[in-house]
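One structure is given below, encoded as structure tokens.
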Amino acid sequence: ALAQAGKGQRERGGERIPSRHCAVSNVFLMETELFLSFLQILYCTLNTPKVDMERLLGSQIGLEDFIFAHVKGIKKEVNINKSEDSLGLTITDNGTGYAFIKRIKDGSLIDSIKTICVGDHIESINGEDIIGWRHYDVAKKLKELKKDEPFTLKLIEPKKAFEIEPRSKAGKSSAGKISTGRETLRLRSKGPATVEEMPSEAKTKAVEKIDDLLELYMGIRDPELATTMFEAGKDKGNPDEFAVALDETLGDFAFPDEFLFDVWGAIGDVKRE
């Protein structure tokens, strides 16, 4: 262990350590602490401290948005008997390995278990650690559980916080470039973040429809995946061309044909408007 031995130096076993080494040690400890704090974040919401699944942070942030981080809270273990084919769960993830419950269908099996809540992070299924899994893999795992057999979920709920309201946006505007009011900060997994125009109302509507179809067919919600599917089909002339484009972009998903036709229909509806 390092102990204070004089200004700008520390001592370890009688050996004096230069101050620059102390500085490196301090930086390492600060970076480690920041990294561990980052690992505690389950997900973030925009402009509200509440666990609101409709305001999850995605890949786009308005330039005046506030971000609230929801961190790990109480751990819980729940034993469930799968008495119905459908559990009534919609799963999503934070993009860094934490899958969590985005929606619970009213009247479903899970809805009757009050210890399971929207916003809970799913840590393991039947003792199998699923940290690092994407939400569609978790949804598939839950769907494959046999009916009338018990299973166990280990969950982590977000830490409760005081209900606070975001700061007012009123006040003097800063000098500089005047925005159009429709700009957004787009985060990318590769490359720098960029400021872009907000998507059109038609595109937003199409992406929402595709996201609804993802939930209906796959039990997940993923606006980024829905946006990718829209971009793949917006300039295609027929369902076959769309299917080929999706296979090139998202071939690992193996979407069913009826799902692809419904997505193509959603894109076509926007084209006709």
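The SG atom of C117 lies 4.0 Å from the NZ atom of K76; values are rounded to the nearest 0.5 Å. Put simply, CD on E157 and CD1 on I101 are 11.0 Å apart, with the number rounded to the nearest 0.5 Å. Put simply, CD1 on I210 and CD on E215 are 14.5 Å apart, with the number rounded to the nearest 0.5 Å. Atom-to-atom distance recorded for T249:OG1 and M229:CE is 10.0 Å, nearest 0.5 angstrom. Distance check, rounded to the nearest 0.5 Å: CD1 of I91 to NE2 of H135 gives 9.5 Å. In this structure, the separation between CG on L87 and NZ on K143 is 11.0 Å, given to the nearest 0.5 Å.
Residue A69 comes nearest to C44 through the heavy atom pair CA-SG, 3.9 Å, listed as atom of the first residue, atom of the second, then distance. What you find for V263 and F242 is that their closest heavy atoms are CG1-CZ, 3.6 Å. When all heavy atoms are compared, the tightest approach of V51 to G119 is CG1-CA, 3.9 Å. The minimum heavy-atom distance between L260 and A243, with the atom names listed, is CD1-CB, 4.4 Å. Here the closest heavy-atom approach between residue W264 and residue G233 is recorded as CZ3-O, 3.6 Å.
Here F259 pairs with Y217, F255 under the ring pair (Phe, Tyr, Trp, His ring centres under 6.0 Å) rule; sequence neighbours left out. Applying the side-chain contact (heavy atoms from CB on, under 4.5 Å) rule to K72 yields the partners Q40, L42, Y98, I156; only residues at least two apart in sequence or on another chain are considered. With sequence neighbours excluded, no residue satisfies side chain to side chain donor-acceptor pair (under 3.5 Å) with K105.
With a 4.5 Å cut-off on side-chain heavy atoms, L142 and V138 count as touching. Considering only heavy atoms from C-beta on, E231 comes within 4.5 Å of K203 through its side chain. Proximity of L225 to L250: side-chain heavy atoms (C-beta onward) are separated by under 4.5 Å at one or more points. A 4.5 Å side-chain heavy-atom check between D120 and T115 finds every atom pair outside the cut-off. Residues S83 and L109 have side chains in contact (heavy-atom distance under 4.5 Å, counting atoms from C-beta outward). In this structure, the side chains of F100 and H70 stay at 4.5 Å or more apart for every pair of heavy atoms. With a 4.5 Å cut-off on side-chain heavy atoms, S124 and L155 do not count as touching. Looking at heavy atoms from C-beta onward, K82 lies out of side-chain contact with D85 at the 4.5 angstrom threshold.
Side chain of Y43 to main chain of H121: no donor-acceptor pair is present (N/O by atom type, distance under 3.5 Å, no hydrogens or angles). Looking only at distances, no side-chain donor or acceptor of K147 sits under 3.5 Å from a matching main-chain atom of S86. Between the side chain of K236 and the backbone N or O of A245 there is no donor-acceptor pair closer than 3.5 Å. Side-chain N or O atoms of K141 include none that pairs as donor or acceptor with a backbone N or O of I125 at under 3.5 Å.
T152 and N79 are linked by a side-chain donor-acceptor pair at a separation below 3.5 angstrom, with hydrogens and angles left out of the test.
Counted within 6.0 Å of CG on L216, heavy atoms from surrounding residues, nucleotides or ligands total more than 12; the atom is thus considered enclosed. Within 6.0 Å of the NZ atom in K154, the count of heavy atoms belonging to other residues, nucleotides or ligands does not exceed 12.
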Could you give me the CA-CA distance, side-chain angles and deciding distance for R103 and V118, then say whether side-chain contact (heavy atoms from CB on, under 4.5 Å) is met? CA-CA 6 Å; R103 187 174 299 170; V118 168; 5.5 Å; no
With side chain to side chain donor-acceptor pair (under 3.5 Å) as the criterion, how do T96 and N94 come out once you've worked through the C-alpha distance, each side chain's angles and the decisive distance to 0.1 Å? CA-CA 6 Å; T96 60; N94 66 354; 3.0 Å; yes
Intermediate values then yes/no, side-chain contact (heavy atoms from CB on, under 4.5 Å), L56 and K102: CA-CA 10 Å; L56 287 175; K102 183 169 186 179; 4.2 Å; yes
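Placement of V78 and I131 within a single hydrophobic cluster is found when ILVMFWY residues are connected by side-chain heavy-atom separations under 4.5 Å, directly or transitively.
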